[in-house]
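Step one of this worksheet: look at the structure below.
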Amino acid sequence: MAAEVQVFDAVLVLLLLWLGWRALASADLFKAVVQFIVFGLLLSLAWVRLGAPDVALAEAAIGAGLAGALLLDTLARLGRSGAADEPRPLGLTPARTGIALAALGLAALLVASALALPERWPGLAEPALQQLQASGVSNPVTATLLNYRGYDTLLEIGVLMLAVLGVWILDAEPALPRPVADPMLGLLLRVLLPLAVIVAGYLLWVGAHAPGGAFQGAALLAAGGVLWHLARPLSLGPSLVVRAIVVLGFAVFLAAGVTTALLGGGFLTFPPAHAGAIILAIEAAAMLSIALIMVALFVGRERTVSDSLAASPTTGAQDTGAVP
């Protein structure tokens, strides 16, 4: 059995290397995107083999699913303007040779460093596991992200929030023509969207003691939102409701930290008796915010008819009463 597992791992590594190379070197952009999506799915399987199911869930949903859909949407926009017809220079230039050699050298250094590590590393893993019961959850990953390293997770949510604000600040992109209604896509939407909501709620709840949590649940909700956008195009401009949900996760996380600081426990230092409930509240708010942020980043800000009228110099002058 061990020999078969080793063969499987070796084949998986070779497939990842081959797909990664083909995704970079393929002259056909559509084939390159498909190879990138398959690469992400196989990479999630590699994370499972490495014993990191939380990372595998995020990789399958975000790295392969959302990123792949975003690349396909970008390819459709490039095709509209004719940019996809431009040839891709794939020759081995000195710059590319240097980058390839540097990447191989870094990979060799990482492998050598991993092989040189002692069997037992005197780190913080054992003290962290000893304090796991006081963290409010029994899943080490959730305890690390929401309790031990709460500062990092708070800042990560803040970065996502700033990213979507940057998208809204940018000039609107002309919308693609509305697609023809696809009965099969509509059927998938009616079946998969409720299932995505149910599974996302389950992942949120189970994240306290098993692989799952806010990020994995948000990835599934975002995948459902992207599917909805593909079937029935959405418009997620900075309306009051959308902005409130976008900042909800960061606001609840920050409020929890300020409250614990005012009560004398320290910023983001949760009392053991209430840590589980606080973490669940933070994760629920963060899941909604992260899901909407990812959908908003995918949808972007498309120019509507009112935007086009406002951008017209003649129309704008008439509205303001100025002489054109």
Which Ile, Leu, Val, Met, Phe, Trp or Tyr residues join L109 in one cluster when any pair of side-chain heavy atoms under 4.5 Å counts as a link? none

Describe, in one word, how the ring planes of H229 and F298 are oriented to each other, choosing from parallel (under 30°), tilted (30 to 60°) and perpendicular (over 60°). perpendicular

If you count the non-hydrogen atoms of other residues, nucleotides and ligands that lie under 6.0 Å from NE2 in H209, is the total more than 12? yes

Could you measure the distance from the [atom1] atom of [X] to the [atom2] atom of [Y]? Nearest 0.5 Å is fine.
{"X": "L17", "Y": "F39", "atom1": "CG", "atom2": "CZ", "value": "8.0 Å"}
{"X": "S239", "Y": "I245", "atom1": "OG", "atom2": "CD1", "value": "8.0 Å"}
{"X": "L66", "Y": "L70", "atom1": "CG", "atom2": "CG", "value": "8.5 Å"}
{"X": "Y151", "Y": "L154", "atom1": "OH", "atom2": "CG", "value": "9.5 Å"}
{"X": "M161", "Y": "L155", "atom1": "CE", "atom2": "CG", "value": "10.5 Å"}
{"X": "T153", "Y": "Y148", "atom1": "OG1", "atom2": "OH", "value": "13.5 Å"}

For residues [X] and [Y], report the shortest heavy-atom separation together with the two atoms involved.
{"X": "G68", "Y": "I37", "result": "CA-CG1, 3.6 Å"}
{"X": "I278", "Y": "A256", "result": "CG2-CB, 4.1 Å"}
{"X": "V199", "Y": "L220", "result": "CG1-CD1, 3.3 Å"}
{"X": "A61", "Y": "A219", "result": "CB-CB, 3.4 Å"}
{"X": "L132", "Y": "S138", "result": "CD2-O, 3.3 Å"}
{"X": "G225", "Y": "V295", "result": "CA-CG2, 4.0 Å"}

Verify, without hydrogens or angle tests, whether [X] (side chain) and [Y] (backbone) share a donor-acceptor contact under 3.5 angstrom.
{"X": "S289", "Y": "A286", "value": "no"}
{"X": "E283", "Y": "A214", "value": "yes"}
{"X": "N139", "Y": "A208", "value": "no"}

So do the side chains of [X] and [Y] get within less than 4.5 Å of each other, counting heavy atoms only?
{"X": "M287", "Y": "L203", "answer": "no"}
{"X": "Q35", "Y": "V38", "answer": "no"}
{"X": "S135", "Y": "I279", "answer": "no"}
{"X": "L129", "Y": "P140", "answer": "yes"}
{"X": "V141", "Y": "F215", "answer": "no"}
{"X": "F267", "Y": "L254", "answer": "yes"}
{"X": "F250", "Y": "L162", "answer": "no"}
{"X": "F253", "Y": "L146", "answer": "yes"}

hydrophobic_cluster_shared for [Y] and [X], side chain cutoff 4.5 Å:
{"X": "L204", "Y": "V197", "answer": "yes"}
{"X": "L50", "Y": "L12", "answer": "yes"}
{"X": "L43", "Y": "L110", "answer": "no"}
{"X": "V11", "Y": "L42", "answer": "yes"}
{"X": "V191", "Y": "I198", "answer": "no"}

Take L41 and L45 through the side-chain contact (heavy atoms from CB on, under 4.5 Å) test and state the conclusion after the steps. CA-CA 7 Å; L41 293 174; L45 183 58; over 6 Å; no

Please list, chain by chain and in numerical order, all residues satisfying side-chain hydrogen bond (donor to acceptor under 3.5 Å, both in side chains) with E126, sequence neighbours excluded. R120

Result of checking T74, D28, L71 against V33 for side-chain contact (heavy atoms from CB on, under 4.5 Å): L71

Which of I293, L297, V299 passes side-chain contact (heavy atoms from CB on, under 4.5 Å) with V167? Answer is L297

Restricting to pairs with a member in residues 241-266, which pass side-chain hydrogen bond (donor to acceptor under 3.5 Å, both in side chains), not counting sequence neighbours? none

Test side-chain contact (heavy atoms from CB on, under 4.5 Å) applied to W228 and V226, step by step: CA-CA 5 Å; W228 190 341; V226 169; over 6 Å; no

Please walk me through it: do I290 and L160 pass side-chain contact (heavy atoms from CB on, under 4.5 Å)? CA-CA 7 Å; I290 295 170; L160 288 174; 4.2 Å; yes

